[in-house]
Amino acid sequence: MEYKLLSKIKAPRDIKAMSTEQLEALAKEIRYKLIDTVSVNGGHLAPNLGTVELTLAMHKVFNSPEDQFVFDVGHQCYTHKLLTGRFESFDTLRKKDGISGFCRPGESEHDIFYSGHSGTSVSAGLGLAAAKSISGEKSHVISVIGDGSFTGGMVYEALNNGGRTNVRHIIILNDNKMSISENVGAFAKYLAVIRSKPQYYSFKAGTEKALSHIPMGKTIAKRLYDLKTDIKNKLYAQSTFFEDLGYRYMGPVDGHNIENLCDALEAAKSVNVPVVIHVLTVKGKGYEYAEKHPSLFHGISNFDIETGEPKSSGESFSDKFGQCLCKKAEADDSICAITAAMGIGTGLKCFSEEYPDRFFDVGIAEEHAVTFASGLSKNGMKPVYAVYSTFFQRCYDQLIHDISLQKLKVVFAVDRAGLVGEDGETHHGIFDVSFLGTVPDIKVYSPCCYRSLEADINNALYADEYASVVRYPRGKPGENVKKLQYDTIEYSLYGNRESKRVLVTYGRITSEAIDAVDRLKQKGEDILLLSLNQIKPIADGVFDILLDKKSIFFFEEGIRSGGIGEKLGSALLERGYCGKYRIKAIEDKFVQQASVSELLSAYGLDCEAMIKITGEG
């Protein structure tokens, strides 16, 4: 496709003079660019297709970066990137050294906050707006948040705080499922349009000012307000929720009508109090397959544009976990599954269909999920909470206070553990091992293959006394892990047991270590591989194997500080170990986007690095 309009957009100012017809034509070009790029690079397609007109209207009405946009999660920021000088580099989306699939401040002055986790935009936006108010700035802050994020409690904390202020903070509720309110009748819809017009607020402000200068004016104004509120409460089912908190409510507005959107945004600019604009959009708008299957196209790998079919597929750790849990639940009525709006991603779709009474999707509320699980456990259930590692970070307090302190039995299936690739720094699961290491009485497994995954789930459900974590990576294991000698539930061995050199690791990179052992053997070099399966606590048998070795090389696909490499090294030292001990892990930094193989190579965690480092030792 020839991008006649889009190719000329170098900054948001370039759309200011465009007519509605031109903006609609630009929207079509943007949609094609989104579909074409994501079909190759993967990414979040459906959310971005649903917010094309909304983002155009925002940049038409406001002046970024003076007016600051905060996108919740960032699943919907691709159009924003295209309008802020990144069209030429858009083909690098989610690639190594390319532009991020989320907002990234270092990438552009128009990206105000890092994004990637849900429910943060209202709090961040309120803080930005409060700072502007203190310094006397007249510009606005606009937080864009989807209705899905409104299932998270942090949003309500921010709303409760913000409704008591007089700052220029505009919250755009992007509702693609009509889950907030349902207005009744044509007249209600007519009033919604009227209340989104700038003229409505100019007239309203003028009337209030005039009444304030006449006798009984304030009383009349109050009675008019009470009458208006009473009528509105009858016409709008639940739309006054926001006004009860102190916000001006506008909408609902057609999120694909640029003219109506611009009117609503101009109206919001004219009031000096917090505003909520309720926008209705269609997730996946403009691409048939994404509209029909928005969940599938929410975050998708590369796919065929003509058929909508993903180009890469196959069974994964997530799928295997879901299958295993279904088998267990068939024989055990006490097993329950919990997810925080990630049922498909965590492999629980089958469980939700077969055992709906024991399946709980709590929405984007990870902290609540943990404490909810503690209640299930206390009354005799066996709750299994499946969550991505990056979102599990939110659960630290609940893990300590509501699970460990209570000595309750809950199983945590931690998906996407380790490096996840193209989603970048906000999504890598490299911190869970370190923070889990501080929680008393919790057992942690990190399987490298399906066989150990199934054994770990069984152990977590039936052998372990208290809470357990089974953490596993995105994707599937390497074929070569079948070579492992599966000695115990705690660890596996591969190579010459008598060797005085040992390579120690766990999880996905066990596959890289097996290749390293094989290649070293071809070069006439002996080394033993010890693959940990249970990483907390470390089994006594591990020390029996390691204490008489001359050189130990520990490779860890996670943050070094507080990791298993440090803990094992300290424990060996306490037991009198006198040999050489070397750790290779991710040092004190955030990891940016690239493919997993590129990242393993960059951080010295692949086969080549293992051969080199063990040779240096």
Side-chain angles (χ1 to χ4, degrees), residues 46 148 151 177 179 283 289 292-301 308-310 312-366 368-389 391-392 395 403 408-417 445 447 449-464 467-477:
T151 59
K177 288 189 178 179
S179 59
K283 200 168 184 179
Y289 299 108
K292 287 183 178 178
H293 307 286
S295 294
L296 176 64
F297 283 87
H298 175 80
I300 191 168
S301 58
E309 291 294 321
S312 56
S313 58
E315 193 173 62
S316 66
F317 274 100
S318 305
D319 298 325
K320 206 69 179 179
F321 156 72
Q323 294 164 15
C324 179
L325 197 64
C326 278
K327 287 180 183 177
K328 299 293 182 186
E330 184 179 5
D332 187 343
D333 291 341
S334 68
I335 292 176
C336 302
I338 304 168
T339 181
M342 300 296 289
I344 294 175
T346 56
L348 288 176
K349 185 174 186 293
C350 179
F351 192 102
S352 69
E353 294 169 348
E354 293 187 25
Y355 309 104
D357 293 340
R358 290 186 273 151
F359 173 75
F360 303 95
D361 186 341
V362 301
I364 304 174
E366 293 87 356
H368 160 66
V370 177
T371 306
F372 174 65
S374 73
L376 285 169
S377 176
K378 189 74 173 180
N379 270 359
M381 296 294 109
K382 295 188 184 76
V384 180
Y385 174 30
V387 59
Y388 286 9
S389 172
F391 305 133
F392 195 39
C395 305
I403 302 294
L408 292 171
K409 185 180 181 66
V410 175
V411 178
F412 297 94
V414 179
D415 203 329
R416 271 64 167 179
Y445 301 96
C449 63
Y450 293 152
R451 179 177 59 173
S452 52
L453 171 69
E454 292 176 2
D456 294 344
I457 292 170
N458 188 73
N459 250 42
L461 285 169
Y462 299 111
D464 298 338
S468 301
V469 173
V470 182
R471 63 185 302 277
Y472 42 88
R474 184 180 189 177
K476 56 187 176 182

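These values consider heavy atoms only, across backbone and side chains, with no hydrogens, waters or symmetry-generated copies. Positions are given from 1, in the same order as the sequence printed here.
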- [ ] Name all residues meeting the side-chain hydrogen bond (donor to acceptor under 3.5 Å, both in side chains) criterion together with Ser374; count only those two or more places apart in sequence or in a different chain, and write none if there are none.
- [x] none

- [ ] Determine the sole option in Arg474, Arg416, Lys476 for which the side chain to side chain donor-acceptor pair (under 3.5 Å) test with Ser318 is passed.
- [x] Arg416

Task: Heavy-atom closest contact (Tyr355 atom, Cys326 atom, distance) - done: OH-O, 3.4 Å

Task: Nearest heavy atoms of Ser389 and Ala417, plus distance in Å - done: CB-CA, 4.0 Å

TODO: Output the distance between atom SG (Cys336) and atom CG (Leu376), rounded to the nearest 0.5 Å.
DONE: 5.0 Å

Task: Sequence-distant partners of Val370, side chain to side chain contact (heavy atoms under 4.5 Å, CB included), two or more places apart - done: Tyr385, Cys395, Gln398, Ile403, Phe412

- [ ] Output all residues satisfying side chain to side chain contact (heavy atoms under 4.5 Å, CB included) with Ala386, sequence neighbours left out; order by chain, then residue number.
- [x] Phe321, Thr346, Leu348, Ala413

Task: Nearest atoms (heavy-atom pairs only) where Asp361 meets Ala341 - done: OD1-N, 2.8 Å

- [ ] First locate atom NZ of Lys409, then atom CG of Leu461, and finally report the distance between them rounded to the nearest 0.5 Å.
- [x] 6.5 Å

- [ ] Can you see which heavy atom on Leu408 is nearest to which on Ser377, and at what distance?
- [x] CB-OG, 3.8 Å

Open item on the list: Can you confirm whether the side chains of Ser334 and Lys382 place a donor and an acceptor under 3.5 Å from each other?
Closed with: yes

TODO: Return the set of residues passing side chain to side chain contact (heavy atoms under 4.5 Å, CB included) with Asn459 (not counting sequence neighbours), or none when no residue passes.
DONE: Tyr445, Ala463, Asp464, Ile489

Open item on the list: Just to verify, what does Phe391 make a ring pair (Phe, Tyr, Trp, His ring centres under 6.0 Å) with, not counting sequence neighbours?
Closed with: His117, Tyr388, His427

- [ ] Could you grab the distance from atom OH of Tyr450 to atom OG of Ser316, nearest 0.5 Å is fine?
- [x] 6.0 Å

Open item on the list: My understanding is that only residues two or more places apart in sequence, or in another chain, count here; which of them pass salt bridge (charged side-chain N to carboxylate O under 4.0 Å, His left out) with Glu353?
Closed with: Lys349

Open item on the list: The criterion is salt bridge (charged side-chain N to carboxylate O under 4.0 Å, His left out); which residues satisfy it with Arg471, sequence neighbours excluded?
Closed with: Asp432

Open item on the list: Show the nearest heavy-atom pair for residues Pro477 and Cys449, with the distance to one decimal.
Closed with: CB-CA, 4.1 Å

- [ ] Can you measure from CE (Met342) to CD (Glu366) and round to the nearest 0.5 angstrom?
- [x] 9.0 Å

Task: For His368, all residues meeting ring pair (Phe, Tyr, Trp, His ring centres under 6.0 Å), sequence neighbours excluded - done: Phe372

- [ ] Any chance you could measure Thr339, atom OG1, to Ile364, atom CD1, to the nearest 0.5 Å?
- [x] 10.0 Å

- [ ] Report the C-alpha distance between Phe351 and Val384 in whole Å, list the side-chain angles of each, state the deciding distance to 0.1 Å, and finish with yes or no for side-chain contact (heavy atoms from CB on, under 4.5 Å).
- [x] CA-CA 11 Å; Phe351 192 102; Val384 180; over 6 Å; no

Task: Pairs touching residues 333-342 that satisfy salt bridge (Lys or Arg N to Asp or Glu O under 4.0 Å), sequence neighbours left out - done: Asp333-Arg358

Task: Residues forming a side chain to side chain contact (heavy atoms under 4.5 Å, CB included) with Ser295, sequence neighbours excluded - done: Ile344

Task: Smallest separation among heavy atoms of Ala369 and Val362, with atom names - done: CB-CG2, 3.8 Å

TODO: Look at atom CD of Glu354 and say whether more than 12 heavy atoms of other residues, nucleotides or ligands are closer to it than 6.0 Å.
DONE: yes

Task: Tyr472 versus Asp456, side-chain donor and acceptor atoms under 3.5 Å - done: no

- [ ] Would you list the pairs meeting salt bridge (Lys or Arg N to Asp or Glu O under 4.0 Å) in which at least one residue belongs to residues 316-329, sequence neighbours left out?
- [x] Glu315-Lys320

Open item on the list: Taking salt bridge (charged side-chain N to carboxylate O under 4.0 Å, His left out) as the definition, give me every residue that meets it alongside Lys378, ordered by chain and number, with sequence neighbours left out.
Closed with: none

